[in-house]
Protein chains: 2
Amino acid sequence: MAKDTTVRTERKRGEGVQFVYQVLRDDILNLALPPGSPIDENQLAERLSMSRTPIREALVRLAGEGLVTTLPNRSTVVSNIDFLDLPSYFDALTLMYRVTTRLAAENRTPQDLGRIRALQGDFARAVAAQDAAAMISVNRDFHAAIAAAGRNSYYTGMFSRLLDEGRRLLRIYYSSFNDQLPRRYVEEHEDIIAAVEARDIARADQLATQHADQIVQKLQRLIAQDRRRHIEL
Amino acid sequence: MAKDTTVRTERKRGEGVQFVYQVLRDDILNLALPPGSPIDENQLAERLSMSRTPIREALVRLAGEGLVTTLPNRSTVVSNIDFLDLPSYFDALTLMYRVTTRLAAENRTPQDLGRIRALQGDFARAVAAQDAAAMISVNRDFHAAIAAAGRNSYYTGMFSRLLDEGRRLLRIYYSSFNDQLPRRYVEEHEDIIAAVEARDIARADQLATQHADQIVQKLQRLIAQDRRRHIEL
DNA sequence: TGTATTTTATTTGTCGACAGAATCCGGCCG
DNA sequence: CGGCCGGATTCTGTCGACAAATAAAATACA
């Protein structure tokens with residue numbers, strides 16, 4: 001059962017949809033609402049103390065991003081993660097890692113570097129604190145900041161969506177850490193920052209590729225493990 | 001003023017939103033609703049003889065795709081084409097042309113080739129008929145079919161959105177033809193099909209790049225022309 | 001006559017209600 | 001005992017209405 005979080009914050013007119021959207025999005029990406037969970041409009045309406053109309057509009061928006069699936073005349077559910085489609089996902093993710101990092105090396109400003117460094121600091125702290133949730137969230141922001149430095153809104157938009165989808169995957173498989181991989185990620189991030197700062201496009205591309213491959217391989221291994229476990233049952 | 005198209009088709013329950021969505025989307029992509037047009041919910045509700053609720057949900061969906069922009073407490077308008085951002089657009093479009101065509105060469109099935117050839121036939125016919133609208137629409141479907149043959153849902157999704165956005169651009173600048181470029185596109189399409197059929201990935205990539213550059217350059221030239229005209233006024 | 005301010009009107013965001021669809025449940029029949 | 005059918009219930013999709021917010025109009029004032 002979900003927590004009995006009856007929210008009754010007074011909100012200004014027009015912020016309702018945005019509010020519901022963010023609440024649901026966070027719950028979905030943090031797996032507080034696991035894939036497949038039905039989303040009851042009435043229940044949500046009561047919990048957030050508002051009518052069903054803004055909730056439906058938020059759901060439409062989430063459906064547009066693929067985070068929920070609307071079954072006609074039936075309940076909308078949190079979208080499943082399609083494991084058969086994961087190779088495609090990894091492929092697309094790697095590509096976006098590369099092009100955004102390349103463009104960042106090309107177009108970054110000192111302000112961009114400042115923002116990126118700040119997030120890298122957050123990431124290092126999360127690793128030191130062994131806080132998986134923070135690591136996942138900050139890692140996302142870190143790469144989004146690099147993408148932003150590339151100044152291509154189409155890439156940043158696509159990449160953000162891919163990273164969000166990835167947050168769910170990481171949440172599933174990275175709930176606990178007992179290896180030193182995170183530290184390695186910190187180092188790889190440092191190298192990427194250095195390449196971006198040096199405007200070394202080729203090296204940025206190379207490092208981004210490595211970094212992406214690193215993550216993809218790790219995930220594939222974890223998933224394969226998981227698969228085996230399921231089959232053994 | 002828009003045409004007095006009072007639609008009163010009897011629709012089944014649950015198809016309302018979908019219907020409004022498609023009507024609006026078509027009108028926007030065909031520039032029947034030019035960028036900047038305000039969208040009056042009441043007016044639309046009366047024209048399609050339904051309540052405002054499904055219309056609002058369709059608008060939320062369109063906003064999610066960036067085709068309309070919702071000004072808080074004010075009218076929603078058809079999104080403008082951001083000409084300053086066009087270099088980014090061209091960059092992203094070229095990249096997606098390349099990766100989708102590459103993957104098509106890798107994964108195409110005979111069925112894929114059949115579908116692609118059929119669309120290429122449609123395209124050739126549209127060119128022969130000098131039908132700009134059909135050319136734009138079929139061209140989109142042609143490349144979407146190639147992307148589909150690549151079997152990467154993330155790429156096909158991204159690419160489709162880029163191609164749709166491009167439809168508006170092409171509509172603006174390709175309303176009339178007086179050069180033989182379209183014929184050249186037919187030939188380039190043929191070459192791409194051949195490379196995809198031969199599973200020649202390198203060549204597919206190369207041809208896709210050329211094809212994209214071709215279109216991008218043409219558009220840039222037309223836009224530059226247009227800019228100059230505006231400045232002269 | 002032009003500008004500032006109040007009044008009116010239009011339009012959005014939200015609400016509660018209702019009807020159609022689907023699910024659940026119990027009874028009936030094989 | 002199990003499966004099919006019908007009624008009751010729950011939930012979605014749509015509707016009309018209302019109030020906040022904005023834009024337009026009208027009025028007052030310099």
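Scope of the values below: all heavy atoms of this structure, side chains included, with no hydrogens, waters or symmetry mates. In the text below, chain A, chain B and the rest are named by the order of the sequence lines, each starting its count at 1.
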ask   = Looking across every strand, which nucleic acid part, if any, lies under 4.0 Å from Ile55(B) by heavy atom: base, sugar-phosphate, or nothing?
value =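 The answer is nothing, as Ile55(B) stays clear of every strand by at least 4.0 Å.
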**Request:** Tell me what Asp40(A) touches on the nucleic acid: a base, only sugar-phosphate, or nothing, going by heavy atoms under 4.0 Å.
**Result:**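 Sugar-phosphate, backbone atoms only, no base.
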Open item on the list: Can you pull out every salt bridge (Lys or Arg N to Asp or Glu O under 4.0 Å) where at least one residue sits in residues 79-99 of chain A? Sequence neighbours excluded, please.
Closed with: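 Every salt bridge (Lys or Arg N to Asp or Glu O under 4.0 Å) pair that includes a residue of residues 79-99 of chain A, provided the two are not neighbours, is Arg98(A)-Asp205(A).
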### Test item: Ser137(B) side-chain N/O and Ala133(B) main-chain N/O as donor-acceptor pair under 3.5 Å
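Checking the backbone N and O of Ala133(B) against the side chain of Ser137(B), no donor-acceptor pair under 3.5 Å is found.
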Taking the basic N atoms (NZ, or NE/NH1/NH2) and the acidic carboxylate oxygens, is any pair closer than 4.0 Å for Asp122(A) and Arg125(A)?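 Salt bridge: yes.
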query: Hey, is Arg115(B) close enough to Asp112(B) for a salt bridge, meaning N to O under 4.0 Å?
result: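 Here Arg115(B) pairs with Asp112(B) in a salt bridge, since their nearest N and O are under 4.0 Å apart.
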Could you give the [atom1]-to-[atom2] distance, from [X] to [N], as a whole number of Å?
X: Glu41(B); N: dG16(D); atom1: CD; atom2: P; result: 15 Å
X: Leu44(B); N: dC15(D); atom1: CG; atom2: P; result: 13 Å
X: Gln43(B); N: dT11(C); atom1: CD; atom2: P; result: 9 Å
X: Glu46(B); N: dT10(C); atom1: CD; atom2: C1'; result: 15 Å

- Starting at the 5' end of DNA chain C and moving along, which residue's nearest nucleotide shows up first, Ile39(B) or Thr53(B)?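 This one resolves to Ile39(B).
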Listed nucleotide nearest any side-chain atom of Asn42(A), set dT14(D), dC15(C), dT12(D):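 Selected nucleotide (nearest to the side chain): dT12(D).
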Exercise for review: Select one nucleotide: of dT12(C), dT14(C), dT12(D), the one nearest the side-chain heavy atoms of Ser51(A).
Suggested key: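 Nearest to the side-chain atoms of Ser51(A), counting from C-beta on, is dT14(C).
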For nucleotides 18-24 of chain C, list the nitrogen or oxygen atoms of the protein found under 3.5 Å from its nitrogen or oxygen atoms, one pair per line.
| from | atom 1 | to | atom 2 | distance (Å) |
| --- | --- | --- | --- | --- |
| dG20(C) | N2 | Arg13(B) | NH2 | 3.2 |
| dT23(C) | OP1 | Arg74(A) | NH1 | 3.2 |

In chain order, what residues pass the ring-ring contact (aromatic ring centres under 6.0 Å, His included) check against Phe123(B), with sequence neighbours excluded?
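Counting only residues at least two positions away or on another chain, Phe123(B) forms a ring-ring contact (aromatic ring centres under 6.0 Å, His included) with His189(B).
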message: Walk me through whether Leu86(B) and Ile223(B) qualify under side chain to side chain contact (heavy atoms under 4.5 Å, CB included).
response: CA-CA 10 Å; Leu86(B) 273 184; Ile223(B) 291 165; 3.4 Å; yes
